[in-house]
Amino acid sequence: MTADFSVDQQRRLVTPVPGPRSQELHARKTAAVSSGIGVGLPAYIERAGGGILVDVDGNHLIDFGSGIAVTSAGNSAPAVVQGVRDQVADFTHTCFMVTPYEEYVAVCEALTELTPGGHEKRSALFNSGAEAVENAVKIARTFTGRSAVVAFDHGYHGRTNLTMGLTAKNMPYKHGFGPFAPEIYRAPMAYPLRWPGGPERCAEQAFAAFVDTVHSQVGESNTAAVIVEPIQGEGGFVVPPLGWLRQVADFCAEHGILLIADEIQTGFCRTGDWFACEFEDVVPDLITTAKGMAGGLPLAAVTGRAEVMDSVHAGGLGGTYGGNPVACAAALGAIETMRSEDLCGRARSIEGLFMERLEQLRSKYAAVADVRGRGAMLAVELTTGDADLVPDPTATAAISKHCHSEGLVTLTAGTFGNVLRFLPPLVAPDHLLTEALDILEDAFAKVLG
Ligand SMILES: *Cc1c(COP(=O)(O)O)cnc(C)c1O
């Protein structure tokens with residue numbers, strides 16, 4: 001790593017976590033912010049860089065979350081900061097639909113170049129992942145003249161009405177928020193650990209179950225799109241077996257169904273490739289991106305085949321802020337950093353460093369039912385340790401809590417809340433990752449030992 005960080009890359013605790021100033025702020029939060037907005041670790045942050053978050057009490061915390069896979073290129077990455085500074089001084093907004101600007105076009109050109117497939121492409125920019133997913137569905141419906149959308153068990157696509165419908169998990173995402181949009185259908189996910197026929201038969205049987213869902217419950221000719229995360233994010237970093245995604249893609253192509261790859265969490269070097277679909281040479285018709293793309297500024301995109309993207313009537317897509325120039329400048333800086341620092345290669349080396357340690361945990365604890373993921377998107381699934389694979393969300397939460405108190409910011413995930421997931425910034429130096437894995441090992445010993 002050649003990066004020069006503004007924040008000292010050392011874990012340092014000077015108070016308990018959260019400390020007194022964070023606790024004061026948290027009392028203000030409780031009085032002013034809706035309790036519907038939850039907080040994982042109430043340590044209030046005032047600076048960040050590389051793999052470190054500095055809280056208001058002066059604690060240096062190691063970041064294993066990247067703000068949910070967003071600050072892959074680092075927090076306040078120098079090229080992002082420079083791009084944003086220059087842009088914010090030039091102009092902050094015109095609305096691209098009123099009077100356009102180059103930065104928007106440049107981000108779309110980068111998406112054409114970086115996303116899978118050498119075909120002619122177009123993109124449209126939005127503010128959030130959920131908004132990109134909504135627009136991908138709108139585009140797919142217009143192009144195909146069909147209405148049904150098929151999503152998968154354990155899938156996560158956002159919190160707006162349409163995307164809540166696409167998201168599988170009830171609590172906390174959907175509970176009490178219905179009714180949801182119609183014409184959404186759900187197929188079983190190829191989840192090797194939990195596949196009833198066993199992991200060896202998962203690819204084949206899950207594909208057959210998917211085909212059966214589309215054929216008997218929806219009808220191929222009614223299906224506009226199938227939306228899939230190549231590796232599921234909130235659903236617990238579920239990695240489908242090799243071959244499954246390719247079969248799903250081929251089935252879609254055969255029936256004129258558009259394949260939407262939701263790469264909002266997996267995209268932009270996170271899994272060791274620019275996009276996770278590349279691992280199996282799958283070329284989706286449409287791809288949704290957000291999170292890692294813009295170094296922390298809100299920006300999302302739909303990129304796809306030119307004929308699909310251009311099938312929408314003029315003025316049919318857009319929004320006041322979509323592709324805001326400051327967010328676009330941030331994206332250009334983040335992408336430049338990913339290229340110049342080879343962050344895809346860095347994600348693969350992070351995988352090597354983590355996997356060795358996580359596999360040690362698997363061999364030591366029966367409760368570790370699975371270690372999985374790719375690149376710097378890695379997870380451990382915890383059960384009570386018996387053959388029935390009963391999820392253990394309590395131990396998962398306890399391990400995460402222990403990490404928090406030691407100054408390591410960890411996230412959980414999974415439909416059953418029993419997955420610890422690791423999403424370090426790709427620029428975090430090895431010594432921090434190693435120290436964090438030591439903390440994790442201690443947490444396992446305390447909770448499971
Ligand atoms: C986070 C996420 C979304 C939603 O993105 P927001 O920006 O939170 O709306 C959609 N799909 C996937 C796979 C995600 O991880």
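Just so it is clear, the values below take in all heavy atoms, side chains as well, and ignore hydrogens, waters and symmetry mates. Note that ligands are numbered from 1 as they come in the structure, with each ligand's atoms numbered from 1 the same way.
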Exercise. Does ligand 1 have an atom under 4.0 Å from some heavy atom of Gly129?
Worked result: yes

Exercise. Going by an N to O cut-off under 4.0 Å, is there a salt bridge joining Arg372 and Glu381?
Worked result: yes

Problem set entry | Salt bridge present between Arg246 and Asp281 (N-O < 4.0 angstrom) | no

Exercise. Counting heavy atoms only, which of Lys291, Gln265, Arg159 comes nearest to atom 14 (C) of ligand 1?
Worked result: Lys291

Exercise. Under 3.5 Å, is there a donor-acceptor pair between the Asn418 and Thr396 side chains?
Worked result: no

Seminar exercise, completed: One finds that the ligand 1 atoms under 4.0 Å from a non-hydrogen atom of Glu229 are 13 (C)

Exercise. What protein heavy atom is closest to atom 11 (N) of ligand 1, reported as residue, atom name and distance in Å?
Worked result: Asp262 OD2, 2.7 Å

Exercise. Parallel, tilted or perpendicular for Phe354 and Phe64, by the 30°/60° rule?
Worked result: tilted

Problem set entry | For atom 4 (C) of ligand 1, the protein heavy atom that lies nearest, with its residue and separation | Ala130 N, 3.7 Å

For this session: May I ask you to list the atoms of ligand 1 that are less than 4.0 angstrom from any heavy atom of Ser128?
Result: 7 (O), 9 (O)

Seminar exercise, completed: Looking only at heavy atoms, the pair that brings Leu162 and Ala181 closest together is CD1-CB, 3.9 Å

